[in-house]
Structure formats: C-alpha cells, structure tokens
Amino acid sequence: MNNMPDGIQNGTKDSIKNSAWQYPKPFTKEIQINDDHVDRLGHTNNVKYLEWLEAIAWEHIESLGYGWDTMHKSGFALAITNTVLNYRIASYVGDSLVLGTWISFNDQRFKCGRAFQLIRVSDLKTVLTASMEFACIKLSNGRPSKMPSDMSLALNSGKPGSSSKKQGHR
C-alpha cells in the first residue's frame, strides 16, 4: 500500500547525476505532474509541493529507523517550527520530477533541520529548494524537550556525508 500523496512514486530517475544535487546521496522520490497538481495559472500548485515535502520527510525518517511508531513509543516527536520554500522555476503537467531530502543539521539537544531539492528530469533544472526546522517535543504535554539519544543518532545517519547505509536513493 502506497501512503504517499498523489503524484509521488517509489524509485528514482537514473538520469539525475550526483552533481545536480546540492548535497550528496539524497533520499529521493519520483513525482509525475498530472492535471490534479496544477492550479488556475497552469503550473503546479504550491500546496502540492508542501504535501510532497511533508510526505518525503516522513518516509525518510522512517527509513532512518525513527518513524512515527518509534516516536510514539519513545514519547517524543519532531514538530515543524519553520518551513521555507524557494520557487526557482515552474513545473507543469507531464513534467517528471525527483524530490531529494537530507537532514541538514542536528544540535543533538532540541532542534534539527531538513533540506529539500526538487529537480526536473528533462533538463536537470532545480524547480524548488526548501528547508524545514523541527523541535523535539514531549508527546505527553507538547512542550520542547531534549531529544532522546536514539533519535539524535537516527537523525545524524541522514546527514550528507553520513556513512549510514540507510541514506541514499530509494
């Protein structure tokens, strides 16, 4: 069963070279733009981009071994505190895109961040870059809390240059 939002598919495009990515070894998802993704202006709706960012973030943290089930059992989770999207060029119906993500920082205490890059396969142009920042919270009260060491280790394994076998193309 595929829990990804409409348009996201498992796998990667082999034509995306490492040199096209802003950081090495992204965790990736393919996206095929269809009629349901575009707005009145005829290009991809910004809400779709945000949905895809959230979806790949969850799939990536799952692949690092610290998904929702683990967070729930530990009593701690990561809550988004800031999201920035930088639209570089538009995408349209029929475009094939590849979305990549990485853990960009982890202070190993309360905060961590994630970077994203969306590349159009046909010309290897970057459609969008984005970032998210998260705070570790205690689920019982929703307040900021020091992140558990196993959460921090999982996040560190998703940073660019990490030697973790869990990081990379899917």
Side-chain angles (χ1 to χ4, degrees), residues 1-13 16 20-33 37 44-88 91 96-120 126-139 142 144-145 147-162 164-170:
M1 182 168 135
N2 186 358
N3 292 328
M4 299 303 285
D6 184 38
I8 293 189
Q9 306 166 4
N10 290 324
T12 62
K13 287 283 188 180
I16 303 290
W21 295 110
Q22 60 188 356
Y23 302 109
K25 299 179 182 176
F27 181 88
T28 60
K29 286 305 225 182
E30 290 182 28
I31 301 170
Q32 182 68 40
I33 305 301
H37 300 137
T44 304
N45 187 304
N46 63 328
V47 172
K48 292 297 178 184
Y49 291 125
L50 191 57
E51 288 175 358
W52 295 331
L53 297 181
E54 183 180 13
I56 196 172
W58 275 111
E59 188 160 325
H60 185 218
I61 197 72
E62 288 279 348
S63 79
L64 297 175
Y66 214 87
W68 176 249
D69 289 342
T70 305
M71 288 184 198
H72 189 259
K73 287 176 189 170
S74 75
F76 297 89
L78 296 171
I80 297 171
T81 59
N82 189 39
T83 302
V84 176
L85 284 77
N86 301 298
Y87 303 101
R88 310 240 334 243
S91 62
S96 294
L97 310 174
V98 179
L99 178 59
T101 190
W102 308 258
I103 302 299
S104 57
F105 76 91
N106 173 14
D107 73 3
Q108 301 185 54
R109 295 176 349 121
F110 303 103
K111 296 170 67 176
C112 65
R114 173 178 290 286
F116 302 88
Q117 183 179 3
L118 185 62
I119 295 176
R120 185 168 49 212
T126 296
V127 173
L128 172 137
T129 59
S131 63
M132 287 182 179
E133 292 183 6
F134 302 82
C136 181
I137 61 168
K138 190 170 186 176
L139 290 173
S145 182
M147 81 178 55
S149 61
D150 51 344
M151 179 188 282
S152 184
L153 288 171
L155 291 167
N156 285 341
S157 71
K159 291 167 67 175
S162 168
S164 171
K165 294 179 183 175
K166 294 178 183 177
Q167 179 70 14
H169 294 291
R170 292 274 319 208

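Start at 1 with the first residue, then count along the sequence.
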Is there a side-chain contact between [X] and [Y] (heavy atoms, below 4.5 Å)?
| X | Y | answer |
| --- | --- | --- |
| Met147 | Phe110 | no |
| Met151 | Leu78 | yes |
| Asp150 | Ser74 | no |
| Leu97 | Val127 | yes |
| Leu118 | Leu53 | no |
| Ile61 | Leu155 | yes |
| Glu133 | Phe105 | yes |
| Asn156 | Gln108 | yes |

For the student: nearest non-hydrogen atoms of [X] and [Y], plus distance:
| X | Y | value |
| --- | --- | --- |
| Trp58 | Gly67 | CZ3-C, 4.5 Å |
| Leu85 | Thr83 | CD1-CG2, 3.4 Å |
| Ser96 | Gln32 | OG-OE1, 2.6 Å |
| Gly100 | Pro26 | CA-CB, 3.9 Å |
| Arg114 | Phe134 | CB-CE1, 3.9 Å |
| Tyr23 | Trp102 | O-CZ2, 3.2 Å |

Rounded to the nearest 0.5 Å, how far does [atom2] of [Y] lie from [atom1] of [X]?
| X | Y | atom1 | atom2 | value |
| --- | --- | --- | --- | --- |
| Ile80 | Leu50 | CD1 | CG | 7.5 Å |
| Ile56 | Glu51 | CD1 | CD | 14.0 Å |
| Lys159 | Lys25 | NZ | NZ | 15.5 Å |

Counting N and O atoms only, with roles assigned by atom type, does the side chain of [X] sit under 3.5 Å from a partner on the main chain of [Y], one being a donor and the other an acceptor?
| X | Y | answer |
| --- | --- | --- |
| Ser104 | Gly113 | yes |
| Asn106 | Ser152 | yes |
| Trp21 | Ile119 | no |
| Gln22 | Phe116 | yes |
| Ser63 | His60 | yes |

How are the rings of Trp52 and His37 set to each other: parallel, tilted or perpendicular (split at 30° and 60°)?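 Judged by the thresholds at 30° and 60°, the geometry between Trp52 and His37 is perpendicular.
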Let me know which of Thr101, Leu128, Thr126 forms a side-chain contact (heavy atoms from CB on, under 4.5 Å) with Gln117.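 The option that passes is Thr126.
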